[in-house]
4 protein chains.
Amino acid sequence: MMARLGGVTDTRRPASFGSDNHAGAHDAVLAKISEANGGPAGAYGDDDWTRQAEQQLARLFGAEGGVFFVSTGTAANVLGLSLLLRPFEAVICAESAHLNVDECGAPERVLGAKLLTVATPDGKLTPGLIEGRLGGRGDEHRVQPRVVAITQVTELGTCYSLDELRELSAFCRAQGLRLYLDGARLANAAVHLGCSLADLAANVDVFSFGGTKNGAVGAEAVVVMDPSITAVVPYLRKQQMQLASKMRFLAAQFLALLEDDLWSRSAQHANEMAGRLAAAVDGLPGVDVRYPVQSNAVFAALDPVHIKALQADWNFSVWDPDTNVVRWMAAFNTTEGDVDAFAAAIKAVTSGQPYHPAI
Amino acid sequence: MMARLGGVTDTRRPASFGSDNHAGAHDAVLAKISEANGGPAGAYGDDDWTRQAEQQLARLFGAEGGVFFVSTGTAANVLGLSLLLRPFEAVICAESAHLNVDECGAPERVLGAKLLTVATPDGKLTPGLIEGRLGGRGDEHRVQPRVVAITQVTELGTCYSLDELRELSAFCRAQGLRLYLDGARLANAAVHLGCSLADLAANVDVFSFGGTKNGAVGAEAVVVMDPSITAVVPYLRKQQMQLASKMRFLAAQFLALLEDDLWSRSAQHANEMAGRLAAAVDGLPGVDVRYPVQSNAVFAALDPVHIKALQADWNFSVWDPDTNVVRWMAAFNTTEGDVDAFAAAIKAVTSGQPYHPAI
Amino acid sequence: MMARLGGVTDTRRPASFGSDNHAGAHDAVLAKISEANGGPAGAYGDDDWTRQAEQQLARLFGAEGGVFFVSTGTAANVLGLSLLLRPFEAVICAESAHLNVDECGAPERVLGAKLLTVATPDGKLTPGLIEGRLGGRGDEHRVQPRVVAITQVTELGTCYSLDELRELSAFCRAQGLRLYLDGARLANAAVHLGCSLADLAANVDVFSFGGTKNGAVGAEAVVVMDPSITAVVPYLRKQQMQLASKMRFLAAQFLALLEDDLWSRSAQHANEMAGRLAAAVDGLPGVDVRYPVQSNAVFAALDPVHIKALQADWNFSVWDPDTNVVRWMAAFNTTEGDVDAFAAAIKAVTSGQPYHPAI
Amino acid sequence: MMARLGGVTDTRRPASFGSDNHAGAHDAVLAKISEANGGPAGAYGDDDWTRQAEQQLARLFGAEGGVFFVSTGTAANVLGLSLLLRPFEAVICAESAHLNVDECGAPERVLGAKLLTVATPDGKLTPGLIEGRLGGRGDEHRVQPRVVAITQVTELGTCYSLDELRELSAFCRAQGLRLYLDGARLANAAVHLGCSLADLAANVDVFSFGGTKNGAVGAEAVVVMDPSITAVVPYLRKQQMQLASKMRFLAAQFLALLEDDLWSRSAQHANEMAGRLAAAVDGLPGVDVRYPVQSNAVFAALDPVHIKALQADWNFSVWDPDTNVVRWMAAFNTTEGDVDAFAAAIKAVTSGQPYHPAI
């Protein structure tokens, strides 16, 4: 379930709808990296940029346990989960969860942890769904469920409402479970929900806050709400091969995203572009939009012939080859023109009209 | 055995002798990152910058097995070793090896591999030293030595000569062992030895080629000489949490280092600055230079009182608190002025003269 | 999904229907252990009893790769799978598989392997079911399916026919998959199918052959069909903490089971007792036998009130509390009298008659 | 560093001096196993024999955290250590420790833990030796020493005195370290020191108590002093593949060893036989006894020609081929006649006299 450009990069196309990872970095991020390059600085995070970024993020989230930078989303998930698990404890997650599907077994390999997966209609766990995986507690033959891992925005582009998060959180507390959140696209969720990052953070124990899909070069933050966890994080981050020597350059990316709420403005824009696309194509005879469009992704079922025709000119990925569901993603730098041209192409192709690419 | 700036970054000082990680990034590296930011590109390495950087490096090294980018030196070592080991196989390395001392047990945790360590006078393994750890082959109670891991430049700033590498390589082949090389500072070795990167690569099976300590933001390459290994690398890199989504920005760093041999010129300069420093202080009554200066590091034993006095103004690290050995490192952007000022400070402090910092 | 006696052992009852693990050891097994106790012998399997048992079993199975003893079923499964997997490769198995449910995450922890589970109607995989988990081959983000693990007799008491095994085997070969078989109750399958152990072995790459549930004290064999695998097994067995120093006492248990086909006679008897029980209760109004009775287990759905009433006097376990399915197991030493008394009790309880325990 | 009989078992020899693992099982152990075979019993330790053995041992050791049976010494060490370690924490042990040398890397593989080894003159750690491995505490780049693991009797046949144990224990407490003890031959130590098992247990956090080398078929106990650890042990034992389904047969072995202090009498005898052998050969011109004989092992340096000559008729192992040190071990059933005949053979061979085997 990746999205790749495939073949030669076509520079005639100003945008890819394949992934928010295709978008490159925001200029402000690169500028801040350059700025952080002024003179020597301590390594491994012992520098002012890192301290500032850590503190700003911690304040924003109300995270008393601190903030730790890593370079990939998989690394963030593995580090985050490793803070919450003992060797015989398991993670309950959606079948569609990135950590189950798209991390090449890193949680099992690096953490030795079993994932107890649950089929969901929309990528979202509920107390009821979680409850079905709580059997065998206290039985030494069975892994012991300990962490519930959710993704916000989910892999299907949907968002947990704050009420749903609170309900999950209360359920987890009542059940002696910890709540981990994969926030690779947390910014998009905050924008969609119209809430603060602190509102989202309030309900979880540990979470990641993704920079990469929101205009960073490659930087994710692991955020720890509970200060009793903090002491072990530096060792685990290093052991998990994620202690950057020139940490300031990871930190600078977040400083750029935080400045004037760039993170929020970029996510807002990406969400709007996805919404614009969905609005343009939903209801078209050959386009079956599949999930509520609550972030920067649109999922839709199309005739495979139409998929093929569209892919001749446009970059996007087939999410599920069995059901012919494709994923269209907007990014911080997707333009209205990109969306409109793509929507026109979709309309043309699915209506059976002769299709002339815009260029 | 880290080097940190400690406390507030002192911008009055133009240079740190604490680590080549303190030096920031080369402007050409940042420029190339910006250049690679032009428009959408495939994720996870499916882009032209990555393909170019991989191919250029593979050609440079004569690496038929390919080149794979990761973000940290620890990650490079773990990925590299993982290509060569089965679960019951062990790594023979120097006690002083980074992978033994400074990776928080990542090889044991992530690979499950035992390190069979050998004390060395200068950080360098020899066939004789390796032989002492070859006992128990064929005995099911014992881990089976399979990989010899060396560091070039070693952690003590010394270099294996090409003859020594060839001898090690021949010994390993004869013994059915594979040779891995931690090349976090391989550029400095190539410059010191006056040889090509291909000369260095010719003797090993898998190695890392460090960019970070040579002016990159944070990029290392794992280089595979044997094409029969290649097929598994992508999975292992991803599982080891090192598959960057916006890989082009790792690749761009290497493209910058390769352009006009920036890697070589930068390493040359750093080596020269270390040589200049060593020449200036070697022979001083209170300064006992400890290893041959064959790269960008100078190790010296000093009176602990002198160490303390120097550290009030200058950033460097105590390598071994038991023997009062300090490490002074030069980087691509260390200036002659930096060196001369620092040498003057060392001279003043160790001669007992009243010491006035340059500023 | 364990079966335990619970509370004080009630010696008035000659038999438990809770598990074939409740049955103790066959006298012939204890006698052979005593016999093997005559004088000193080499440790770690370097003794004549071990050599004999290994050879006899290898001959029986046509196993050119050899036979290796371990002490538990979980250890056998983990060792067996470890022979077939690389770090990024996954195991496809039924959701109900012992290795998924009842090994406290040992495959994930010890092997680092992901299990790709499949819901099945009767504990049995089919090519079609396996196919549904083969997505993502060649995609570095996904674990790569490599081993299909089946259980014979399944955890639900059902058996794969030889045709089904052949079909699975052919499918696996065609797909580049290896076939592992958890044979904790393989003896019962051989008896049910009326085939030789070699017939069962012919279709798989590595499998376990259980002694414990068939009258041994505690001994399982890992059988390797492919001799190219053999060289690594001793190391992996030792590393997995299963190299018994006084191996002859594991071997002796198998020698006893092999003598005069005790393994087959015991399994035959256990199967017959389960069949006798099923015949006696199937069709009773309150008893819904759930799977074909093809071994020494009977699964049935009962009214929870009836379950509780029966458990007051008889030992058996509730397999699935959600569906009120119980498991009744016969062993090598279950008597016809045991079965008849138990069947009478079931009949009485489920028919609502006043129930008087036999004693 | 194993001891194996090698070749065909020579039944003319009533005893092997190769290993206490060569000795077979004590008749009382086999008798108790048979006794435990009367009727059905709960699986996985839910039976009266297990409860009795656990309680008796816990009382004997004053172990408030409970007692857990496993089948091998390696499994006991790995389980014991796993109770005390977090992922980034390391074990300080002697280079000669069984867990370092003879467990095929199980601690690294199963626990992911680094062993920080120390060369010792006699297999025994001291606070001073431990202190040398405590560098880097608080440094995220370094594994954090957390457990000191000692062996009692050591692999070199020596014993820690109670004073030495107390000193180690106090040092560990002061340093925030936990003390683990590999007690594969703890019985021999208790006998040598003339102390109770509780005296030995008082100083450690978790330890193993070996049955196998003292006349059991194959049974080790992991003893937990601190009840706050207890809750996780069942899961970890199962996950580490050591939960025996017919646990009563492991328990019965310990019940036999406990009855009338068989454990003590057997160890006493074995120690005496080693003492008798040492007394007979120490001082012989060609025999250099190497360590204090404080248990059931005698280490001695011999001329390699003499070693070879002796091994033609007698079973024992070469401990260190570089120094021609051999190990002679007595067991519970070694007879005075065995010892005297062996001593005579040693005397004859090393004095250059024509040597006639006793038979």
Side-chain angles (χ1 to χ4, degrees), chain C residues 2-9 11 13-16 18-19 21-25 27 30 33-34 36-44 46-48 70-75 78 103-106 109-110 212-213 216-218 235-236 238-246 248-250 315 331, chain D residues 2-9 11 13-16 18-19 21-25 27 30 33-34 36-44 46-48 70-75 78 103-106 109-110 212-213 216-218 235-236 238-246 248-250 315 331:
Chain C
M2 314 144 302
R4 289 178 177 151
L5 260 182
V8 179
T9 308
T11 52
R13 291 273 150 239
S16 161
S19 169
N21 284 328
H22 291 178
D27 288 339
L30 296 189
I33 287 175
S34 287
N37 197 33
Y44 305 116
D46 185 20
D47 70 85
D48 291 341
V70 298
S71 67
T72 71
T74 296
V78 169
E103 303 190 349
C104 200
R109 169 71 36 188
V110 182
T212 313
K213 294 178 193 297
V217 163
Y235 301 105
L236 290 171
K238 173 64 190 174
Q239 192 176 65
Q240 292 170 25
M241 309 172 289
Q242 285 292 329
L243 181 61
S245 53
K246 297 180 178 174
R248 55 171 146 167
F249 297 122
L250 291 182
N315 182 274
Chain D
M2 314 145 301
R4 290 175 178 156
L5 262 181
V8 178
T9 307
T11 52
R13 291 274 151 237
S16 160
S19 169
N21 284 327
H22 292 177
D27 288 340
L30 297 189
I33 287 175
S34 287
N37 197 33
Y44 306 116
D46 184 20
D47 69 85
D48 291 341
V70 299
S71 67
T72 72
T74 296
V78 170
E103 303 190 348
C104 201
R109 170 70 38 189
V110 182
T212 314
K213 293 177 195 297
V217 163
Y235 302 104
L236 290 171
K238 174 62 189 175
Q239 192 176 64
Q240 292 170 25
M241 311 171 288
Q242 285 293 329
L243 180 61
S245 53
K246 297 181 178 174
R248 55 172 147 166
F249 297 122
L250 292 181
N315 182 274

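Keep in mind the model is a prediction, meaning the values are calculated, not measured. Below, chain A is the first sequence line, B the second, and so on; all start at residue 1.
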What heavy-atom pair brings [X] and [Y] nearest, and what distance separates the two atoms?
| X | Y | result |
| --- | --- | --- |
| D:S16 | D:H22 | OG-ND1, 2.6 Å |
| C:Q242 | D:M241 | NE2-O, 3.4 Å |
| D:G73 | D:E103 | O-OE2, 4.3 Å |
| C:T74 | D:K238 | OG1-NZ, 2.9 Å |
| C:G218 | C:T212 | CA-OG1, 3.5 Å |

Practice task
Give the member of C:L250, C:V78, C:V217, C:I33 that has the highest number of heavy-atom pairs under 4.5 Å with chain D.
Solution key: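 Counting heavy-atom pairs under 4.5 Å, the top option is C:V217.
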
Please classify the contact between [X] and chain C as side chain, backbone, both or neither, with a heavy-atom cut-off of under 4.5 Å.
| X | value |
| --- | --- |
| D:N21 | both |
| D:A36 | neither |
| D:S71 | side chain |
| D:A75 | both |
| D:T72 | side chain |

Handout entry: Per-residue contact mode, C:A25 against chain D (heavy atom under 4.5 angstrom)
Key = both

Handout entry: Region of C:A331 in contact with chain D, defined by heavy-atom distances below 4.5 Å
Key = neither

Handout entry: Verdict with supporting geometry, C:K246 and D:K213, side-chain contact (heavy atoms from CB on, under 4.5 Å)
Key = CA-CA 9 Å; C:K246 297 180 178 174; D:K213 293 177 195 297; over 6 Å; no

Handout entry: Most chain C-contacting option - heavy-atom pairs closer than 4.5 Å, from D:V70, D:L30, D:N37
Key =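 Among D:V70, D:L30, D:N37, the one with the most close pairs to chain C is D:N37.
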
